[in-house]
Amino acid sequence: MRSDLVKKGTARTPHRSLFKAMGITDGELGKPFIGVVNSWNEFVPGHIHLGRISEAVKSGIRHSGGTPFEFHTIAICDGIAMGHEGMKYSLPSREVIADSIELMVQAHRLDALVFIPTCDKIVPGHIMAAARLDIPSIMVTGGPMCPGFNGDEYIDLISVFEGVGAYKSGQITKKQLEDLENRACPGPGSCAGLFTANTMACITEALGMSLPGCATAHAVDAMKIRIAKMSGEMILRLLEMNLTPRKIMTRDAIENAVRIDMAIGGSTNTVLHLPAIANELGIALDLDTFDRISRDTPHLASLRPGGKHVMLDFDRAGGVPAVMDRLKKYLNTECLTVTGKTLKENMKEFRISNPKKNQEVIRTVDNPYHKEGGIAVLYGSLAPGGCVVKQTAVDKDMLTHKGPARVFDSEEEANRAIVAGKIEKGDVIVIRYEGPKGGPGMREMLEATSAISGMGLDRSVALITDGRFSGGTRGPAIGHISPEAAEGGPIALIKEKDIIKLDIPERRLDLLVSSEELARRKEELRKFKDKINVGYLARYTKSVSSADRGAIFYSS
């Protein structure tokens, strides 16, 4: 056992004395040390309930003969950080989370780990740490929030963001906006649609790193507590089997996860997080892999923000196992999972409990919502390194578009113009210098896209950026443009009223300006100066790669 290095032998007498200072008994010292990595805090609704889940995990560990040791990681709420300088810190926190877990585990020589993350950057940060450490590990994602209600309609956090735009444009009253504020988020959990947090939970289950059903078991559902206990019990079996993350998260498993992502129409942020996870595993995962898999994966579940269903509907329809059942001919079913069994063996145990709801929410491959998967990767003169769009959340009339550029060098500038009514139908909003280096931190543009949708412009206006989008974004929002403006990419050369052409079916994003004119502008372009010169973001700017590589840290 790794933990023997801190507890066995005469030389470790001082170490045992320190453990006993915390009330640890000789009996507990003789058992495997299981780390419980919890991202609980009092800032994030997706994490506020994780203390109860960790107690269930620790109960399962003790029941199966282990000694649990809980420690915490940080967690930033993207919703609270949205629309201001705080969002610069969200994506960079992913690396801090992974690093902090590595430091705790390696210093204390834990034998195995149970991870309890929820929400956008926290889940991939935990998985990156698991991949890096490669000791037996299992994930217990915290579960979705129940949807709110406004009259007879489901609402969620995105309803509130879009409500701001609707209020600004006079479509709803102040009282109606206040009603949205009070009713949209009724309790703990990750926001109720298929936004980034719930997408990453589904990805975790599809990778084989959480027990079947974990991704969609809701935060307030007793099923989540039972899964937490079973996961605590299961980690001792994984330790006995020496079944580690690198044996589970193979190239085949990663491609399974991409395919599930495409079938459910998940967040574009997976195109940042899965490559970062793959990088920790020593696997190269490029943009073309996402597009290749998307082209031959039917889109089966139309969830918020692109569709009408919420995670509660998805869970009742069978969740990730039901999607896998639909897609079994597409999947690599010999992959191992944290059940200790293969995906094929897990699927044999799956039963649909509500066939009618299942057929309504998760369609068959013969009757998909769209023939292609959720994400498209575009290239062209404006994005030679690629960019991404959630194509299944785009109105069919906006799959192709040509219009004049409205250029903004920060998110704040764009937001002011949008709410002031300065954007016209047909425009292409350009928000640049918001990439990993340029932001720094690659902010999400949910405030901008929600205002556009709330004002009824999402069927006539496109938005492109070297930043990124919330999983709650819908409409023709194209992000991750690479190279970014701070690296002198073509997005830095756009001028007001230049014509931009978007063609999602053809996977193209082009700036309709001559190569000679672009060369002249390139010569005149001033070298980008870092916006922040102190603290973590200054270090992040010097270390982070481009978005098409997953915004990972350079190895040298």
Side-chain angles (χ1 to χ4, degrees), residues 123-124 127 131 139 141 194 196 198-210 212-216 248-278 281 283-303 306-307 314 317-338 342-348 350 358 361-377 386 388-393 471 507 550:
V123 174
I127 301 175
M139 302 280 164
T141 51
L194 189 64
T196 303
N198 290 323
T199 300
M200 285 309 306
C202 292
I203 289 292
T204 303
E205 188 175 328
L207 281 169
M209 287 298 296
S210 61
C214 183
T216 57
I248 293 171
M249 292 190 287
T250 61
R251 175 81 195 196
D252 283 347
I254 289 172
E255 294 209 358
N256 284 345
V258 173
R259 196 170 295 281
I260 296 302
D261 184 23
M262 297 305 111
I264 62 178
S267 167
T268 53
N269 281 313
T270 57
V271 183
L272 287 173
H273 298 321
L274 272 171
I277 293 166
L281 296 162
I283 297 170
L285 183 64
D286 59 20
L287 292 181
D288 290 340
T289 301
F290 286 87
D291 198 61
R292 169 179 60 80
I293 293 174
S294 183
R295 284 179 183 271
D296 68 0
T297 303
H299 176 220
L300 303 181
S302 186
L303 307 176
F314 188 48
V320 174
V323 178
M324 288 181 161
D325 185 64
R326 294 277 196 272
L327 292 175
K328 52 192 167 190
K329 71 176 182 180
Y330 296 88
L331 298 174
N332 304 299
T333 59
E334 295 302 325
C335 295
L336 289 169
T337 74
V338 291
T342 65
L343 180 58
K344 180 188 292 184
E345 291 171 314
N346 290 347
M347 291 171 69
K348 286 179 181 177
F350 173 69
N358 177 277
V361 177
I362 304 170
R363 292 190 175 180
T364 65
V365 295
D366 298 323
N367 181 37
Y369 284 96
H370 300 92
K371 291 182 179 179
E372 294 187 357
I375 291 173
V377 177
V388 299
V389 61
K390 187 191 285 191
Q391 62 176 342
T392 51
R507 304 301 203 259

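These values consider heavy atoms only, across backbone and side chains, with no hydrogens, waters or symmetry-generated copies. One-based numbering along the sequence shown.
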Discussion item. Looking at Glu255 and Arg251, is there a salt bridge between them, counting it only when a charged N and a carboxylate O are closer than 4.0 Å?
Written reply: yes
Worksheet item: Roughly how far, to the nearest 0.5 Å, is the OG1 atom of Thr289 from the CG atom of Asp286?
Response: 4.0 Å
Worksheet item: Checking side-chain hydrogen bond (donor to acceptor under 3.5 Å, both in side chains) for the pair Asn358/Arg326: CA distance, chi angles, key distance, verdict?
Response: CA-CA 11 Å; Asn358 177 277; Arg326 294 277 196 272; 2.2 Å; yes
Worksheet entry | Check: Gly471 main-chain N/O paired with Lys390 side-chain donor or acceptor under 3.5 Å | yes
Worksheet item: Side chains of Val323 and Phe314: closer than 4.5 Å at any heavy-atom pair?
Response: yes
Worksheet entry | Short side-chain to backbone donor-acceptor contact, Gln391 and Gly373, under 3.5 Å | yes
Worksheet entry | Glu334 side chain vs Lys344 backbone, donor-acceptor pair below 3.5 Å | no
Fill in: Minimum heavy-atom distance between Ala276 and Gly550, given as atom pair plus value
CB-O, 4.2 Å
Worksheet item: What is the minimum heavy-atom distance between Ala317 and Val361, and which atoms define it?
Response: CB-CB, 3.8 Å
Worksheet item: Would you say the side-chain atoms of Thr268 pair up with the backbone N or O of Val388, donor to acceptor, closer than 3.5 Å?
Response: no
Worksheet entry | Nearest-0.5 Å distance that lies between atom CG in Leu336 and atom CG in Asn346 | 9.5 Å
Practice prompt. Apply the test side chain to side chain contact (heavy atoms under 4.5 Å, CB included) to residues Val338 and Ile248: give CA-CA distance (whole Å), side-chain angles for both, the deciding distance (0.1 Å), then the verdict.
Written response: CA-CA 8 Å; Val338 291; Ile248 293 171; 3.7 Å; yes
Item to complete: Could you check if a side-chain atom of Ser302 sits within less than 4.5 angstrom of a side-chain atom of His370, using non-hydrogen atoms only?
Response: no
Practice prompt. Using the side chain to side chain contact (heavy atoms under 4.5 Å, CB included) rule, pick out the option among Thr141, Asp261, Val320, Thr270 that qualifies with Cys202.
Written response: Val320
Worksheet item: Just how far is it from atom CD1 of Ile283 to atom CD1 of Ile254, taken to the nearest 0.5 Å?
Response: 4.0 Å
Fill in: Minimum heavy-atom distance between Cys335 and Thr250, given as atom pair plus value
SG-OG1, 4.1 Å
Worksheet item: Nearest 0.5 Å, what's the OG1-CE distance between Thr204 and Met139?
Response: 6.5 Å
Practice prompt. Compare all side-chain heavy atoms of Pro124 with those of Met200 and state whether any distance is below 4.5 angstrom.
Written response: yes
Practice prompt. Identify the two heavy atoms, one from Thr342 and one from Glu345, that lie closest to each other, and give their separation to 0.1 Å.
Written response: N-OE1, 2.8 Å
Item to complete: Spell out, as yes or no, whether a donor-acceptor pair under 3.5 Å connects the side chain of His273 to the backbone of Pro275.
Response: no
Worksheet item: Is Lys328 close to Val365 at the side-chain level, that is, under 4.5 Å between some pair of heavy atoms?
Response: no
Worksheet item: Nearest 0.5 Å, what's the CD1-OG1 distance between Ile362 and Thr364?
Response: 11.5 Å
Discussion item. Looking at Asn256 and Asn332, would you say the former's side chain and the latter's main chain have a donor-acceptor pair under 3.5 Å?
Written reply: yes
Fill in: Reported OG1-to-NZ distance for the pair Thr333 and Lys348, which is rounded to 0.5 angstrom
9.0 Å
Worksheet entry | Sole candidate of Ile260, Ile264, Leu327 that passes side chain to side chain contact (heavy atoms under 4.5 Å, CB included) when paired with Leu300 | Leu327
Worksheet item: Donor-acceptor pair, Ser294 side chain versus Ile375 backbone, under 3.5 Å?
Response: yes
Response to the item:
Heavy-atom closest pair (Thr196 atom, Ser267 atom, distance to 0.1 Å) is OG1-OG, 2.8 Å
Discussion item. Taking the side chain as everything from C-beta on, heavy atoms only, tell me whether Met249 gets closer than 4.5 Å to Ile127.
Written reply: yes
Worksheet item: Taking all non-hydrogen atoms of both residues, which atom of Ala257 and which atom of Ala206 are closest, and how far apart?
Response: CA-CB, 3.8 Å
Item to complete: Please step through side chain to side chain contact (heavy atoms under 4.5 Å, CB included) for the pair Val123 and Ile203, ending with a clear verdict.
Response: CA-CA 10 Å; Val123 174; Ile203 289 292; over 6 Å; no
Discussion item. Quick one: does any side-chain atom of Arg295 pair with a main-chain N or O of Ala376 as donor and acceptor, under 3.5 Å?
Written reply: no
Worksheet item: Do Arg363 and Pro368 have side-chain heavy atoms sitting under 4.5 Å apart?
Response: no
